[in-house]
Amino acid sequence: MLSFFRKKTSDDMTVSSSNPKAGTGEVTDGPSLEELGYRHSSDLKETIYDFLRTIRDPEKPNTLEDLRVVYEDGIFVQEPTAGNVNVVRVEFNPTVPHCSLATLIGLCIRIKIERNINHNLKLDIYIKKGAHSTEDEINKQINDKERIAAAMENPNLRQLVENCIKDED
């Protein structure tokens, strides 16, 4: 019954010549911003903002940029991790302190970035400090991989996200 599991052989454990640290347990360095085609961190920030500005509000016919929910000053490119993974923090500001769709907006921001940035990125999304009555709970939800995966498995929620993040023709 469990025959599809295969025991690792010594051949599986050999180190690839193109990446001498592979298989050693050491963190391998990823490409730098320059190697990814960005002149500096502000290029990455502008690229991310260009994706976010087109997200549509779930309730209104406006974009998040029109409503000032996302703004360029709310995107922070931080120092890369030890493995040279770029770290980006996105802060957004719901239109009202009790916005019932703040979690959905955070999910849309995350999905839009993940689908459009094709390199390894550590992404942290947060509601602007003091801008929402339940910001701590929402921040926890939109930065939890299991909750994000579960949300995107829900067909109704997935359709809402798709409608918000689709690019206009």
Side-chain angles (χ1 to χ4, degrees), residues 27 30-34 36-169:
V27 175
S32 67
L33 283 175
E34 291 79 21
L36 293 169
Y38 303 103
R39 289 182 305 234
H40 35 74
S41 63
S42 62
D43 284 352
L44 177 58
K45 177 179 174 174
E46 289 170 12
T47 300
I48 290 172
Y49 181 69
D50 284 342
F51 292 125
L52 298 184
R53 59 193 296 274
T54 62
I55 298 173
R56 302 205 77 67
D57 184 86
E59 293 180 312
K60 299 177 174 89
N62 307 77
T63 65
L64 297 184
E65 178 187 45
D66 295 340
L67 298 169
R68 294 190 175 98
V69 172
V70 295
Y71 38 92
E72 200 165 356
D73 290 342
I75 300 169
F76 307 92
V77 177
Q78 299 172 335
E79 291 297 315
T81 64
N84 209 27
V85 173
N86 297 297
V87 179
V88 175
R89 178 185 171 111
V90 177
E91 173 187 275
F92 70 100
N93 188 13
T95 53
V96 292
H98 55 277
C99 178
S100 62
L101 297 175
T103 306
L104 177 60
I105 291 169
L107 181 61
C108 290
I109 290 169
R110 176 173 295 283
I111 298 301
K112 183 79 173 195
I113 294 171
E114 287 177 352
R115 287 189 183 171
N116 289 284
I117 299 294
N118 297 322
H119 50 82
N120 204 7
L121 194 68
K122 180 176 180 337
L123 185 58
D124 296 320
I125 300 173
Y126 293 94
I127 292 177
K128 184 177 182 178
K129 194 75 176 153
H132 197 279
S133 56
T134 61
E135 68 190 57
D136 291 334
E137 292 84 11
I138 293 171
N139 289 341
K140 187 175 181 179
Q141 287 179 350
I142 59 180
N143 288 293
D144 184 314
K145 290 180 184 180
E146 280 107 19
R147 289 184 186 192
I148 293 161
M152 292 306 289
E153 287 178 10
N154 177 319
N156 296 327
L157 193 51
R158 182 179 195 79
Q159 188 59 47
L160 272 172
V161 171
E162 296 296 341
N163 288 338
C164 290
I165 66 172
K166 71 180 175 188
D167 292 324
E168 295 298 317
D169 296 329

Practice problem: Show your working on side chain to side chain contact (heavy atoms under 4.5 Å, CB included) between R89 and V87 and close with a plain yes or no. | Solution: CA-CA 7 Å; R89 178 185 171 111; V87 179; 6.0 Å; no

Quiz prompt | Matching residue for I117 among L123, V88, T47 - test: side-chain contact (heavy atoms from CB on, under 4.5 Å) | solution = T47

Self-check item: Minimum-distance pair of heavy atoms, taken over all atoms of L101 and P58
Solution: CD1-CB, 3.7 Å

Quiz item: Any side-chain heavy atom of L121 sitting closer than 4.5 Å to one from N86?
Solution: yes

Quiz item: If every non-hydrogen atom of H132 is compared with every non-hydrogen atom of P94, which pair is closest and at what distance?
Solution: CD2-CG, 4.0 Å

Quiz item: Mind checking whether L64 and F92 have side chains closer than 4.5 Å, heavy atoms only?
Solution: no

Exercise. Begin with the C-alpha distance, continue with both residues' side-chain angles, and end with the deciding distance and a verdict on side chain to side chain contact (heavy atoms under 4.5 Å, CB included) for I105 and D57.
Key: CA-CA 7 Å; I105 291 169; D57 184 86; 4.1 Å; yes

Quiz item: What is the minimum heavy-atom distance between T95 and K60, and which atoms define it?
Solution: OG1-NZ, 4.2 Å

Exercise. List the steps and the verdict of side chain to side chain contact (heavy atoms under 4.5 Å, CB included) for N93 and E91.
Key: CA-CA 7 Å; N93 188 13; E91 173 187 275; over 6 Å; no

Quiz item: Counting N and O atoms only, with roles assigned by atom type, does the side chain of R56 sit under 3.5 Å from a partner on the main chain of P61, one being a donor and the other an acceptor?
Solution: yes

Quiz item: Does the side chain of N143 reach to within under 4.5 Å of the side chain of I125, using non-hydrogen atoms?
Solution: yes

Quiz prompt | Value rounded to 0.5 Å, distance of CZ in F51 from CG in N116 | solution = 4.0 Å

Quiz item: Quick check: are there more than 12 heavy atoms from other residues, nucleotides or ligands sitting under 6.0 Å from CZ of R68?
Solution: no

Quiz item: Salt bridge or not for K112 and D167, using N-O below 4.0 Å?
Solution: yes

Quiz prompt | Residue pair D124 / K122, side-chain heavy-atom distance below 4.5 Å | solution = yes

Quiz item: Side chains of E135 and Y126: is there a donor and an acceptor less than 3.5 Å apart?
Solution: no

Exercise. Specify the closest pair of heavy atoms between I113 and L52, including all atoms of both residues, with the distance to one decimal.
Key: CG1-CD2, 3.7 Å

Quiz item: Rounded to the nearest 0.5 Å, what separation is found between the CD atom of E65 and the OG1 atom of T54?
Solution: 9.0 Å

Self-check item: Approximate separation, where rounding is to 0.5 Å, of S42 OG and I75 CD1
Solution: 11.5 Å

Exercise. Verify, without hydrogens or angle tests, whether D144 (side chain) and K140 (backbone) share a donor-acceptor contact under 3.5 angstrom.
Key: no

Practice problem: Say whether, by atom type as modelled, one donor and one acceptor occur between the side chain of T103 and the main chain of I138 under 3.5 angstrom. | Solution: no

Practice problem: Check step by step if side chain to side chain contact (heavy atoms under 4.5 Å, CB included) holds for I55 and V70. | Solution: CA-CA 9 Å; I55 298 173; V70 295; 6.0 Å; no

Quiz item: At what distance, to the nearest 0.5 angstrom, does CD of Q141 lie from CG of L104?
Solution: 11.5 Å

Self-check item: Atom pair CD1/OG1 of I127 and T134 - distance to nearest 0.5 Å
Solution: 6.5 Å

Quiz item: Under 3.5 Å, is there a donor-acceptor pair between the side chain of R158 and the main chain of M152?
Solution: yes

Self-check item: Where I148 and I142 come nearest, the two heavy atoms and their spacing
Solution: CD1-O, 3.5 Å

Quiz item: When rounded to the nearest 0.5 angstrom, what is the spacing between CG in L157 and CD in E162?
Solution: 10.5 Å

